[in-house]
Protein chains: 2
Amino acid sequence: MLIGLLQEDATRSYAMLGKAVGLSGGAAHERVRKLRERGVIRRTTIEVDQAALGHTVTSYVMVDGGSWMGDSAAELAAIPEIEEAHVIAGPASVLLKIRTPGTRELQDVLRRVFQVDGVTGTRTIVVLETFFERTLK
Amino acid sequence: MLIGLLQEDATRSYAMLGKAVGLSGGAAHERVRKLRERGVIRRTTIEVDQAALGHTVTSYVMVDGGSWMGDSAAELAAIPEIEEAHVIAGPASVLLKIRTPGTRELQDVLRRVFQVDGVTGTRTIVVLETFFERTLK
DNA sequence: CCGAACACCGTATGGTGTTCGGTATGACGG
DNA sequence: CCGTCATACCGAACACCATACGGTGTTCGG
């Protein structure tokens with residue numbers, strides 16, 4: 001599949017892609033163009049080693065309470081260290097994935113989360129070792 | 001920063017990148033080449049809309065027990081629906097991020113996780129809504 | 001059987017990645 | 001102060017690539 005090949009290495013030329021799936025370069029280009037158009041391919045980007053940039057501490061935070069209607073989501077988005085934010089079913093309202101240079105900065109982020117409207121508590125899970133973080137298919 | 005620009009859109013030409021940071025195209029190319037060489041840039045890839053590919057259910061699973069030395073990590077890596085696997089400090093040993101087409105397939109994945117050596121239990125958190133999933137910096 | 005819609009191919013061309021020789025800058029030791 | 005060495009940059013050269021386009025084969029409803 002074209003998507004799989006591009007996930008592995010998006011610098012591949014359309015000619016190579018075509019050869020891999022039995023098409024001409026032009027046809028492969030056309031297919032990829034449509035995948036972008038439909039939003040299946042959101043964008044082409046680089047995968048960065050966060051640890052190499054000094055973000056060595058990864059943690060997940062369960063947030064209790066909070067009025068998650070309106071713009072409290074925007075408040076979370078404004079905190080740059082938060083990589084993901086999900087509304088969840090289970091023992092909390094919201095789950096955050098946070099990456100910081102150290103535990104010191106994690107503490108700062110938690111303090112900011114606490115100031116979001118209605119938040120009553122947080123439970124933090126610190127990642128000790130990551131087996132893998134990958135993209136599917 | 002070159003990294004930030006490439007994260008936004010890795011199809012930008014080196015000439016444009018150079019102009020953005022006050023360098024020639026050749027020099028920008030050289031800098032990016034070194035970033036790849038040092039492993040700061042792991043690869044260039046495409047960002048795929050998982051929902052468009054039919055993976056609409058995202059969930060996090062806390063795994064209790066397990067003998068996480070040796071190749072039980074490899075057993076997890078062999079399950080394609082698992083997107084991330086971390087060893088954690090907190091109320092479980094391992095945290096998984098799983099994406100499946102539906103809850104039916106999630107059940108199948110959980111059954112396979114249970115068969116990993118020493119696993120005594122799992123607690124599953126289903127994502128109801130994702131505010132954002134982004135890449136830092 | 002007709003015509004439209006679609007996916008593909010081959011080609012042309014302007015832009016791009018990649019390489020290379022030459023030059024400026026700064027660090028270091030004598 | 002001077003030579004040397006390493007590093008980072010520039011500008012140009014060249015092969016390769018993305019992109020656009022006209023033409024062709026295939027499918028399918030009417």
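Proteins come first, then strands; the chains are lettered A, B, ... in the order of their sequence lines, and each starts at number 1.
- Listed nucleotides: C:dT18, C:dA7, D:dA18. Nearest to the side chain of B:Tyr14: C:dT18.
- In this structure, B:Arg111 is not positioned above the aromatic face of B:Phe114 in the sense of NZ or CZ being under 6.0 Å from the six-membered ring centre and within 45° of the axis.
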Stepwise salt bridge (charged side-chain N to carboxylate O under 4.0 Å, His left out) test for B:Asp64 and B:Arg123
CA-CA 8 Å; B:Asp64 300 305; B:Arg123 273 163 292 160; 2.8 Å; yes
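- Using a cut-off of 4.0 Å between Lys/Arg side-chain N and Asp/Glu carboxylate O, A:Glu133 and A:Lys97 are scored as salt-bridged.
- Of all nucleotides listed (C:dC9, D:dC17, D:dC9), D:dC17 comes nearest to the side chain of A:Ser13.
- Under the 30°/60° scheme for interplanar angles, the aromatic rings of A:Tyr14 and A:His29 are found to stand perpendicular.
- Look at CD on B:Glu30: it is 15 Å from P on C:dG17, rounded to the nearest Å.
- Figure legend. D:dG29 is base-paired to C:dC2; pairs are counted as Watson-Crick or G-U wobble with both atom distances under 3.5 Å.
- Note: CG (B:Leu17) to P (C:dG15) measures 18 Å, nearest angstrom.
- Residue B:His29 has a polar side-chain atom (N or O) positioned under 4.0 Å from OP1 or OP2 of C:dT18.
- OP1 or OP2 of C:dT16 has not a single side-chain nitrogen or oxygen of B:Arg12 nearer than 4.0 Å.
- The side chain of A:Lys34 contributes no N or O atom lying less than 4.0 Å from OP1 or OP2 of C:dC6.
- The pairing partner recorded for C:dC8 is D:dG23, the criterion being a Watson-Crick or G-U wobble arrangement whose two distances lie under 3.5 angstrom.
- Side-chain proximity of B:Ala27 to the nucleotides C:dC9, D:dC9, D:dA18 is greatest for D:dC9.
- Going from atom CD of B:Glu37 over to atom C1' of D:dA8 covers 15 Å, rounded to whole Å.
- Between A:Met16 and A:Arg33, the residue anchored closer to the 5' end of DNA chain D is A:Met16, taking for each the nucleotide with the nearest heavy atom.
- B:Leu6 places its CG atom 14 Å from the C1' atom of C:dG17, with the value rounded to the nearest Å.
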